[in-house]
There are 4 protein chains.
Amino acid sequence: MKESVLKNKHIAFHKDTFNKTTEDRRQKVLEAATEEFAANGYNATSINVISKKSNISIGALYSYFASKEDLFLSIVNDAYDLMEKILKDVAKNSRDIYDCIERMLAASREFAVKYPQLNQIYLDITTQALSPLAVRLSNKLEIITPELLCGIIRQAKEEGRIKDDLDEKVISYCMDNIFMIYQFSFSSDYYKERLKIFLGEEKLKDINDIEKSIVKFIRAAIE
Amino acid sequence: MKESVLKNKHIAFHKDTFNKTTEDRRQKVLEAATEEFAANGYNATSINVISKKSNISIGALYSYFASKEDLFLSIVNDAYDLMEKILKDVAKNSRDIYDCIERMLAASREFAVKYPQLNQIYLDITTQALSPLAVRLSNKLEIITPELLCGIIRQAKEEGRIKDDLDEKVISYCMDNIFMIYQFSFSSDYYKERLKIFLGEEKLKDINDIEKSIVKFIRAAIE
Amino acid sequence: MKESVLKNKHIAFHKDTFNKTTEDRRQKVLEAATEEFAANGYNATSINVISKKSNISIGALYSYFASKEDLFLSIVNDAYDLMEKILKDVAKNSRDIYDCIERMLAASREFAVKYPQLNQIYLDITTQALSPLAVRLSNKLEIITPELLCGIIRQAKEEGRIKDDLDEKVISYCMDNIFMIYQFSFSSDYYKERLKIFLGEEKLKDINDIEKSIVKFIRAAIE
Amino acid sequence: MKESVLKNKHIAFHKDTFNKTTEDRRQKVLEAATEEFAANGYNATSINVISKKSNISIGALYSYFASKEDLFLSIVNDAYDLMEKILKDVAKNSRDIYDCIERMLAASREFAVKYPQLNQIYLDITTQALSPLAVRLSNKLEIITPELLCGIIRQAKEEGRIKDDLDEKVISYCMDNIFMIYQFSFSSDYYKERLKIFLGEEKLKDINDIEKSIVKFIRAAIE
DNA sequence: AATGAATGAGCGTTCATTCAT
DNA sequence: AATGAATGAACGCTCATTCAT
């Protein structure tokens, strides 16, 4: 899959100085900031608290990042790069489209479970209030899954593995909607509760079965 | 469809005094508050600004609502009741499940277009940071669509209109994921952009066609 | 004991309307206000709370009293009149000076126990912050005990019951200091604690004995 | 006189940062705060006014003290330590009990004249409304004089310098009541006026004579 | 490179008082 | 005579950011 020309891999929201400090300090900053932003949201998070939690002085924070906004976007950006890498790996290593869908579901869930805070932050940045911030990511956020999914669907279509009469764009969109909220269901309390209400406590115990059912749903739709 | 016993229809987040003031003042408060909460999110919204915008004194605001939180929840609660009413009407007036799905899609979109601010607020309250507030709505938020969708699916199954071997819970969940984000796509900049990227500027011009395609996707999955 | 010419018996801090409403309403206002002022002090007491507690509307309160200040002073004034009456009765009904001292001690304690709130308010108005209010009582507060005590001492001196070489003014002053704080010791937590520290928990059980000891102290000083 | 084990000398109501700023800033804060608290009482004093008066930003104030309450208690605490030091010096340097009583009277008056504001604040904290604050001083306030006075009396008794049949606890209590209000008489308008009424304008001109008379009263009581 | 003291606008909220009913 | 809705200044306090060290 060829590299997107739209995506600027070199956006950086930190100052040069952040590269020059020790790895330990970088980690402490990002860890504390991620915790706070995830738990409180962008607006209710205090830079002073991040400073205290990380044992990095406010002055240092401001020498690494020009503003609270930049620190936040830096984390979002990294999170996105991580998710992108994971999804691309999945796409590359899948046998066929249904295998791919199943792996993507699992990967989404695993990401949400492993990095619940990143997922919570991701949800946060989709809100209207943060759209001025999201703009600075130059749509980076939305590009990866459309490209991946459309590519997979197109390929499957060419191989005759899916119905001819379905609009591949709409299919990708529907599938991504399913994936996206499924992923949120493993990090935000709201979507967790929603998952539980839809599926019932009992069913939640066998995640594998749920994912198989979702794949089955999608497969029935497109095969 | 029988009334849920779980849902307390009588939760009120305003004080009695709010009922006693004039309709004009009630509207001004709610309108200004809705605008502000939608545009800035809960945390970045200032009660003082709402007071200024609505020409209602701060003291009056606090005589209507015990706190900023209550004012916010009052709006969310009303918005939810409105959405619930709309969806129930749709379910009641539909010929069959596919008609119902199509109407629900349209209704979701119409709601988002008519009340973009309510939709933005709804997105806001799904974030982790606001989950302490969401709790006060006693899960009211998540209950309506599961019940509606499950009911419709169950009925269709009994009538032999959909496949036997699909888990109705998972189907409802997948469908609701599609609906939910589709609805967000007409109010939040983020999801608007996402819709555009998936479907392309061209396709967006024919909303009707998009909805038909989504219905087709779902129908293929379950029929 | 002749009536003081200095003291204006006719100071009234309420408006005429307060006399015209029912006794029940008068009581409810004064009771709620006394509770609040005693517990929170003048400044931290809210008229709105008094209104709620008494079930008398704010409008009515302001038709009875021109201001929060006047309501407060009205209570202080009444309390003082009550205390004055009690002390004068004691003075009138005492056999001799030592009997009088003992009865005054007991009366002070009984007043403080029966009307702890009035006593707390009395302590409050002696603070510097409230001196602008106290001024409006035209020194009424301070006049009663000096007159009573000086009169008693003078009479006792004339009767040869107390030492010749002691300054009667200083004696009255010292005695009143003892009485005043003794009285506070039965209403304010601070002075209660102080009494306990001085006398010990054990001794506190026999109040009668304490008062006898105080009288003994004073008697030894002046006899 | 041995050190009290009850009293924690190390209570601090300021944050560490207060120690780190300049002496000039510390003084400006404490001076402005003392003035305001003394003149208006705790509740009617505004942090914003203290900030303006002292030319120290609100943010700085809150970096020195966690709250208005802590700033207030810090001042009370310091005032108490100062008074304690003075009284202990007096006790140590006195020839005998009567010398000690006379010096304590003088010291009380001098303290009140030199630091009228501290004395006004001390009176304020004895009121019922502030008892929740006073609690945080862990009874520190009330401990010093009982210990000092009881010690002095006990020693005098052992030396046979005072009557055998008087209860030393009650004596200390009575003496302290006299001292306490005498001290208030030089700072609060209320108690000033009261002193004037008791002793008369004329007598007030010879403070030395008044104190001698008070000592004489006490001496007569106990010798 | 790193610190953290300092700033002050702005927050959510309270409350004495007014006045139309 | 009585109500209580309405006002808005002022409160205690937070926090993004600057800058001297």
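Naming: A, B, ... by sequence-line order, numbering from 1 per chain.
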- Task: Let me know, please, whether B:G59 or D:G59 comes out on the 5' side of the other along DNA chain E by nearest nucleotide.
- Result: D:G59

- Closest nucleotide of DNA chain E for C:S67 versus for D:T22: which of these residues is on the 5' side?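 Whichever sits nearer the 5' end wins; that is D:T22.
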
- Task: Look at the aromatic rings of A:Y190 and B:Y122 and report parallel, tilted or perpendicular, splitting at 30° and 60°.
- Result: perpendicular

From the list [options], which nucleotide is the closest neighbour of the side chain of [X]?
| X | options | answer |
| --- | --- | --- |
| C:S46 | E:dC15, E:dT17, F:dT17 | E:dC15 |
| C:S57 | E:dG12, F:dA2, F:dT7 | F:dA2 |
| C:A60 | F:dT17, F:dT3, E:dT17 | F:dT3 |
| A:I58 | F:dT18, E:dT7, F:dT7 | F:dT18 |
| D:T21 | E:dT3, E:dA6, E:dA16 | E:dA6 |

Please determine if a side-chain N or O atom of [X] lies less than 4.0 Å away from the OP1 or OP2 oxygen of [N].
| X | N | result |
| --- | --- | --- |
| D:Y62 | E:dA6 | no |
| A:R25 | E:dA2 | yes |
| D:R26 | E:dA5 | no |
| C:Y64 | F:dA2 | yes |

- Query: Have B:D124 and A:Q128 got a donor and an acceptor in their side chains that come within less than 3.5 Å?
  - Reply: no

- Mark yes or no for whether B:S51, through its side chain, and B:I47, through its backbone, hold a donor-acceptor pair below 3.5 Å. no

- Message: At less than 3.5 Å, do the side-chain atoms of B:N48 and the base atoms of E:dG10 form a donor-acceptor pair?
- Response: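 Side chain to base: no pair present.
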
Separation of atom [atom1] in [X] from atom [atom2] in [N], rounded to whole Å:
| X | N | atom1 | atom2 | result |
| --- | --- | --- | --- | --- |
| B:K68 | E:dC11 | NZ | C1' | 8 Å |
| B:D24 | F:dA6 | CG | C1' | 14 Å |
| B:E69 | E:dT13 | CD | C1' | 14 Å |
| B:K20 | F:dT3 | NZ | C1' | 11 Å |
| D:F65 | F:dG12 | CZ | P | 15 Å |
| D:L61 | E:dA5 | CG | P | 14 Å |
| A:I50 | F:dT17 | CD1 | P | 11 Å |
| A:N43 | E:dG12 | CG | C1' | 15 Å |

- Please determine if A:D70 and A:K15 form a salt bridge, counting it only when a charged side-chain N lies under 4.0 Å from a carboxylate O.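 So A:D70 does not pair with A:K15 through a salt bridge.
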
- Salt bridge present between B:K28 and B:E31 (N-O < 4.0 angstrom): no

Hunt down the Watson-Crick or G-U wobble partner of [N], both distances under 3.5 Å, from any strand shown, or write none.
| N | answer |
| --- | --- |
| F:dC15 | E:dG8 |
| F:dA20 | E:dT3 |
| E:dT13 | F:dA10 |

- Of B:T17, B:N19, B:T21, B:D16, which meets side chain to side chain donor-acceptor pair (under 3.5 Å) against B:Y64?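 Of the listed options, the one satisfying the test is B:T21.
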
- For A:S51, report the nucleic acid contact type (base, sugar-phosphate, nothing); a contact means any heavy atom under 4.0 Å. nothing

- Item | Toward the 5' end of DNA chain F, by each residue's nearest nucleotide, B:S63 or C:N55 |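 On the 5' side of the pair lies C:N55.
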
